[in-house]
Amino acid sequence: MEKSAEKEHPREAFGWAARDTSGVLSPYHFSRRNPTAKDVCIKIIYCGICHSDLHFCRNDWKFSVYPLVPGHEIVGIVTEIGNEVQKFKVGDKVGVGCIVGACDTCEQCTNDLENYCDKTILTYNYIYHDGTRTYGGFSDEIVVEEHYVLRFPDRLPMDGAAPLFCAGITVYSPLKYYGLDKPGVHVGVVGLGGLGHLAVKFAKALGVRVTVISTSPRKQKEAIDSLGADAFLVSTDELQMKDAMGSMDGIIDTVSATHALMPLIDLLKKHGKLVMVGAPEKPLEIEMFPFLMGRKQVVGSCTGGIKETQEMLDFAAEHGITADIEVIPMSYVNTAMERLLKGDIKYRFVIDIANTLNSN
């Protein structure tokens with residue numbers, strides 16, 4: 001007989017889960033495995049809310065399995081370790097991002113690209129090596145294999161840095177991989193939300209010129225005065241967009257809603273790259289002629305490997321990069337999800353798990 005989520009592992013756990021496509025979260029009792037030889041048990045202190053959490057809770061991508069405990073921007077404290085763990089000790093500050101496992105032997109894994117392994121195991125809504133389902137960070141604790149646990153830099157605040165474990169690495173990785181981190185490079189950032197505001201911060205810290213591209217003129221002051229962008233384009237202003245044609249080496253597109261790509265393609269120089277890091281629900285249309293004549297590219301990027309994520313965290317600590325956040329109690333999570341759907345957040349919700357997750 002199949003065991004219930006509360007009984008399949010020996011360790012009692014508590015969190016909030018979505019039960020159906022409404023996406024509404026409610027208290028949920030389940031279980032975690034006891035740490036094996038290479039496992040780290042982490043008491044969760046903060047967990048950021050990612051736009052992916054909203055998609056998964058509502059089954060927008062059509063592969064959610066309920067009950068679903070979301071959350072992959074996890075920061076916490078090590079409470080227990082397996083007897084073969086070498087990198088961490090009890091009391092260490094650590095973090096967990098989007099992935100908690102992979103095959104560890106393929107070409108991607110051996111090149112520190114575990115995020116592109118065909119057998120990548122996501123932090124939630126996936127099946128772990130032992131055949132049981134993974135549950136995320138909207139919960140009191142998590143048990144993770146040592147390799148997939150990140151060292152948390154002491155100089156970073158735990159709440160403001162939680163979103164780095166998904167949003168931060170999602171924008172840092174393509175900036176590095178596609179060569180958009182070199183002095184003199186001009187990078188556009190589409191969308192000034194959870195991903196976009198961090199893309200601006202990382203790009204500026206890397207020393208490149210940054211232009212924010214947004215449908216909202218009201219965000220111009222914030223983009224330039226607060227986040228340090230060099231310029232701002234209103235994407236619905238045809239004259240502004242025309243004047244900027246052919247001026248950018250690359251664009252990081254963070255928008256998860258359906259939107260037009262061709263106006264962005266026109267902003268690229270010859271050989272320029274439009275990097276998609278958002279995940280719209282519906283297919284986006286492109287015309288081939290600008291690609292043929294300009295050798296332009298539309299490419300994608302998905303989070304980062306463990307080594308690169310640690311590199312990103314250390315870079316963020318060196319340059320004082322954190323997310324702009326609104327810290328909320330667990331009981332506010334459904335309101336936060338509704339606000340996230342409307343874009344009513346500047347720029348990332350972070351749940352105070354340690355102080356507000358109550359199983360009573």
Quick one: pull up [atom1] in [X] and [atom2] in [Y] and give me the separation to the nearest 0.5 Å.
X    : Y    : atom1 : atom2 : answer
L313 : L156 : CG    : CG    : 7.0 Å
S301 : K176 : OG    : NZ    : 13.5 Å
L206 : L175 : CG    : CG    : 6.0 Å
L267 : I251 : CG    : CD1   : 4.5 Å
I74  : L150 : CD1   : CG    : 11.0 Å
T356 : I328 : OG1   : CD1   : 8.0 Å

Pairwise salt bridge (Lys or Arg N to Asp or Glu O under 4.0 Å) hits with a residue in [range], at least two apart:
range            : value
residues 115-140 : none
residues 69-97   : R11-E80, E73-R348, K89-D92
residues 35-48   : R33-D39
residues 142-155 : R151-D314

Any non-hydrogen side-chain atom of [X] less than 4.5 Å from a side-chain atom of [Y]?
X    : Y    : value
P174 : K273 : no
E114 : T309 : no
D253 : H259 : yes
I252 : L180 : yes
I49  : M337 : yes
F202 : D181 : no
L198 : T170 : no

task = From the options T123, I121, V69, select the one residue that forms a side-chain contact (heavy atoms from CB on, under 4.5 Å) with T134.
result = I121
query = Should the pair H29 and F14 be assigned to parallel (<30°), tilted (30 to 60°) or perpendicular (>60°) ring geometry?
reply = tilted
key: Sidechain-backbone polar pair: T110 side chain, E107 backbone, donor-acceptor under 3.5 Å   = yes
Check the side chains of [Y] and [X] for a donor-acceptor pair under 3.5 angstrom, ignoring hydrogens and angles.
X    : Y    : answer
E308 : Y172 : no
Y332 : D352 : no
D53  : Y124 : yes

Electrostatic pair K242:D266 at N-O distance under 4.0 angstrom =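 No, this pair does not count.
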If Ile, Leu, Val, Met, Phe, Trp and Tyr residues are connected whenever their side-chain heavy atoms lie under 4.5 Å apart, and connections chain through other members, are [X] and [Y] in the same group?
X    : Y    : answer
L341 : F56  : yes
V189 : V299 : yes
V65  : V24  : no
I169 : V94  : yes
W61  : L54  : yes

ask   = ring pair (Phe, Tyr, Trp, His ring centres under 6.0 Å) with H319: which residues, sequence neighbours excluded?
value = F315
remark   = Taken in chain and number order and not counting sequence neighbours, the residues that satisfy ring pair (Phe, Tyr, Trp, His ring centres under 6.0 Å) with F30 are Y28, Y135
Non-hydrogen atoms of [X] and [Y] that approach each other most closely:
X    : Y    : answer
A223 : F232 : CB-CD1, 3.8 Å
A229 : V212 : CB-CG2, 3.8 Å
T215 : S235 : CG2-OG, 3.3 Å

message = Between H72 and F165, does the ring pair (Phe, Tyr, Trp, His ring centres under 6.0 Å) criterion hold? Intermediate values first, please.
response = CA-CA 7 Å; H72 56 206; F165 287 86; over 10 Å; no
